[in-house]
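Everything quoted here is computed from the prediction, not taken from an experiment.
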Amino acid sequence: MNRNDFSNYRRSTVGFDRLFELLENNGRAQSSGDNYPPFNIERRGDDAYRITLAIAGFRNEDLDITAQQNLLTIHGKKREEAVEGDLLHVGIANRGFERRFELADYVRVANADLADGLLIIDLVREVPDAMKPKKIAIGGNTLEVISGEKDDQADAA
């Protein structure tokens, strides 16, 4: 049994309930054995990610990609096709699927493309300016943004 016990951490932390639930649910999903379709997740930069799913035989119209807050769902519906002749071996999966990915806050889908049997989904993390760290001057009312973008613009002015 691969059950993780987070009770010690739950007692000493506040506000991490969602994280612990994700970890526990992920453990249950992996033990269920449904690994179709296979996929890769890669980091392409500080705030850029890519999910690649191997979905041979699916067309654009067979796929439905839905992005909600913190959840990306990819649903594939396989069409029934008439086969000429008798199949002696069926090794290519001919079934529908639903694959879910939990997304961190401020991660959005930038692009989706289907080519050569691979569904490629590019993700980008865009933290709003209001959520970025700010430097607070002591004894003053002005705020100075720490991020490099704002500093470079201020220097140029």
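Listed by first then second residue, pairs satisfying ring-ring contact (aromatic ring centres under 6.0 Å, His included) with a partner in residues 57-87 read Phe58-Phe97, not counting sequence neighbours. Contacts classified as ring-ring contact (aromatic ring centres under 6.0 Å, His included) and involving residues 108-129 (residues at least two apart or in different chains) are not found.
Shown here are the side chain to side chain contact (heavy atoms under 4.5 Å, CB included) partners of Arg50, two or more places apart in sequence or in another chain: Glu42, Arg44, Thr52, Ile120, Asp122. With sequence neighbours excluded, no residue forms a ring pair (Phe, Tyr, Trp, His ring centres under 6.0 Å) with Tyr49. For Asp64, there are no salt bridge (charged side-chain N to carboxylate O under 4.0 Å, His left out) partners two or more places apart in sequence or in a different chain. With sequence neighbours excluded, no residue forms a side chain to side chain donor-acceptor pair (under 3.5 Å) with Asp17. Leu88 is linked by a side chain to side chain contact (heavy atoms under 4.5 Å, CB included) to nothing, counting only residues two or more places apart in sequence or in another chain. A search for salt bridge (charged side-chain N to carboxylate O under 4.0 Å, His left out) contacts involving Glu61 returns nothing, not counting sequence neighbours. Among residues two or more places apart in sequence or in another chain, the side chain to side chain contact (heavy atoms under 4.5 Å, CB included) test is passed with Glu84 by none.
The hydrophobic cluster of Val124 has no other members, since no ILVMFWY side-chain heavy atom comes under 4.5 Å of it.
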Check: residues 100-112 side-chain donor-acceptor pairs under 3.5 Å, at least two apart:
unit_1: Arg100; atom_1: NE; unit_2: Glu98; atom_2: OE2; d: 3.0
unit_1: Arg100; atom_1: NH2; unit_2: Glu98; atom_2: OE2; d: 3.1
unit_1: Asp105; atom_1: OD1; unit_2: Asn70; atom_2: ND2; d: 2.8
unit_1: Arg108; atom_1: NE; unit_2: Glu126; atom_2: OE1; d: 2.9
unit_1: Arg108; atom_1: NE; unit_2: Glu126; atom_2: OE2; d: 3.2
unit_1: Arg108; atom_1: NH2; unit_2: Glu126; atom_2: OE2; d: 3.0

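Criterion: ILVMFWY side-chain heavy atoms under 4.5 Å apart, direct or through other members. Under it, Ile55 and Ile41 are part of a common hydrophobic cluster. When hydrophobic clusters are built by joining Ile, Leu, Val, Met, Phe, Trp and Tyr residues whose side-chain heavy atoms come closer than 4.5 Å, directly or via intermediates, Leu118 is not grouped with Leu123.
For the pair Leu53 and Ile74, the minimum side-chain heavy-atom distance is below 4.5 Å.
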